[in-house]
Enquirer: 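Before I ask anything, here is the structure I am working with.
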Amino acid sequence: MGKDSIKLIANNKKAYHDYFIEDKYETGICLVGTEVKSLRMGKCSVKESFIRIENGEVIIYGMHISPYEKGNIFNKDPLRPRKLLMHKYEINKIAGKIKEKGYTLVPLQVYLKGSLVKVEIALARGKKLYDKRQDIAKKDIKRESEREFKVRNL
């Protein structure tokens with residue numbers, strides 16, 4: 001495995017459905033040894049997780065990392081809040097944006113970059129119901145056109 005090879009662990013497809021993604025940031029994450037081993041086995045979920053900035057620190061809540069089977073007493077709570085590692089200027093920039101109306105931080109994916117665990121987070125704006133309906137309609141139209149194209153080319 002090379003230094004820059006990326007292995008996806010968890011993906012948050014729901015975020016793309018519920019939010020308009022504005023900016024993406026790559027962050028590190030504070031973990032304990034057994035959590036890293038569990039992540040390497042791909043036991044992670046970011047579906048229900050959310051991110052807050054509290055006194056200058058970025059913290060992710062609700063990220064589920066399954067306990068490592070061979071970890072016994074060293075296992076931590078699977079849903080414990082974990083600190084995300086970012087530069088101070090990035091945190092201040094994001095905090096300023098979040099104070100604006102309608103912006104939030106959502107986790108997009110968790111992946112291994114070389115030997116490091118990274119979390120991709122996004123500054124996002126919530127979608128209204130009609131926006132979601134438009135997206136679904138666009139997907140349906142695209143799917144239909146691809147199906148017709150496939151039929152014509154057989």
Side-chain angles (χ1 to χ4, degrees), residues 1-139 142:
M1 201 154 136
K3 193 176 182 184
D4 293 327
S5 63
I6 291 175
K7 180 187 171 218
L8 188 67
I9 299 170
N11 200 356
N12 191 358
K13 291 179 184 170
K14 195 176 171 197
Y16 290 99
H17 183 261
D18 292 342
Y19 300 97
F20 292 114
I21 306 300
E22 303 278 324
D23 283 334
K24 292 180 182 177
Y25 299 92
E26 181 181 75
T27 66
I29 184 169
C30 283
L31 299 169
V32 252
T34 54
E35 289 177 328
V36 176
K37 289 180 178 186
S38 189
L39 282 171
R40 287 192 187 285
M41 292 166 61
K43 307 256 169 95
C44 177
S45 170
V46 287
K47 274 196 178 79
E48 300 297 316
S49 58
F50 59 95
I51 300 170
R52 284 201 180 126
I53 296 179
E54 293 170 359
N55 39 359
E57 294 182 340
V58 184
I59 299 172
I60 185 166
Y61 293 91
M63 178 178 166
H64 188 278
I65 298 177
S66 300
Y68 183 58
E69 286 97 51
K70 301 179 183 83
N72 56 45
I73 60 164
F74 298 108
N75 282 331
K76 300 280 187 203
D77 175 32
L79 286 170
R80 76 183 178 90
R82 295 171 180 89
K83 184 176 165 186
L84 296 179
L85 308 171
M86 295 179 81
H87 293 286
K88 189 63 91 186
Y89 68 89
E90 283 181 317
I91 295 172
N92 292 338
K93 187 174 139 186
I94 292 172
K97 288 265 190 169
I98 286 179
K99 285 189 174 85
E100 291 178 31
K101 187 174 174 255
Y103 278 107
T104 185
L105 276 175
V106 290
L108 294 180
Q109 56 188 8
V110 180
Y111 54 92
L112 284 167
K113 187 174 184 181
S115 62
L116 304 173
V117 178
K118 298 287 185 181
V119 180
E120 187 177 53
I121 65 172
L123 192 63
R125 242 176 339 114
K127 283 186 183 178
K128 304 278 189 277
L129 186 62
Y130 57 84
D131 291 326
K132 292 180 190 176
R133 286 187 187 140
Q134 285 174 343
D135 281 356
I136 292 169
K138 282 179 191 171
K139 280 183 192 168
K142 187 177 175 186

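Numbers here are sequence positions counted from 1.
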Enquirer: Got a second to check how far M86's CE is from N92's CG, nearest 0.5 Å?
Expert: 10.5 Å
Enquirer: Atom CD of Q109 and atom CD1 of I9: how far apart are they, to the nearest 0.5 Å?
Expert: 10.0 Å
Enquirer: Go through K47 and K14 one step at a time and tell me if the side-chain contact (heavy atoms from CB on, under 4.5 Å) criterion holds.
Expert: CA-CA 7 Å; K47 274 196 178 79; K14 195 176 171 197; 5.6 Å; no
Enquirer: For the atom pair CG (L85) and CD1 (I91), what is the distance rounded to the nearest 0.5 Å?
Expert: 9.0 Å
Enquirer: Is any side-chain heavy atom of V46 closer than 4.5 Å to a side-chain heavy atom of M63?
Expert: yes
Enquirer: Between R52 (side chain only) and F50 (backbone N and O only), is there a donor and an acceptor less than 3.5 Å apart?
Expert: no
Enquirer: Can you give me the closest heavy-atom contact between I65 and C44, atom names plus distance?
Expert: CG1-SG, 4.3 Å
Enquirer: CG of L123 to CG of L105: how many Å apart, nearest 0.5 Å?
Expert: 6.0 Å
Enquirer: Please determine if K113 and E26 form a salt bridge, counting it only when a charged side-chain N lies under 4.0 Å from a carboxylate O.
Expert: yes
Enquirer: Just jot down the salt bridge (Lys or Arg N to Asp or Glu O under 4.0 Å) partners of E57, sequence neighbours excluded, or say none.
Expert: K83
Enquirer: Among residues at least two apart in sequence or on other chains, which ones pass salt bridge (Lys or Arg N to Asp or Glu O under 4.0 Å) with K43?
Expert: E69
Enquirer: Any chance you could measure I51, atom CD1, to I94, atom CD1, to the nearest 0.5 Å?
Expert: 8.5 Å
Enquirer: According to salt bridge (Lys or Arg N to Asp or Glu O under 4.0 Å), who are the partners of K93, at least two apart in sequence or on a separate chain?
Expert: none
Enquirer: Got a second to check how far I60's CD1 is from S49's OG, nearest 0.5 Å?
Expert: 4.0 Å
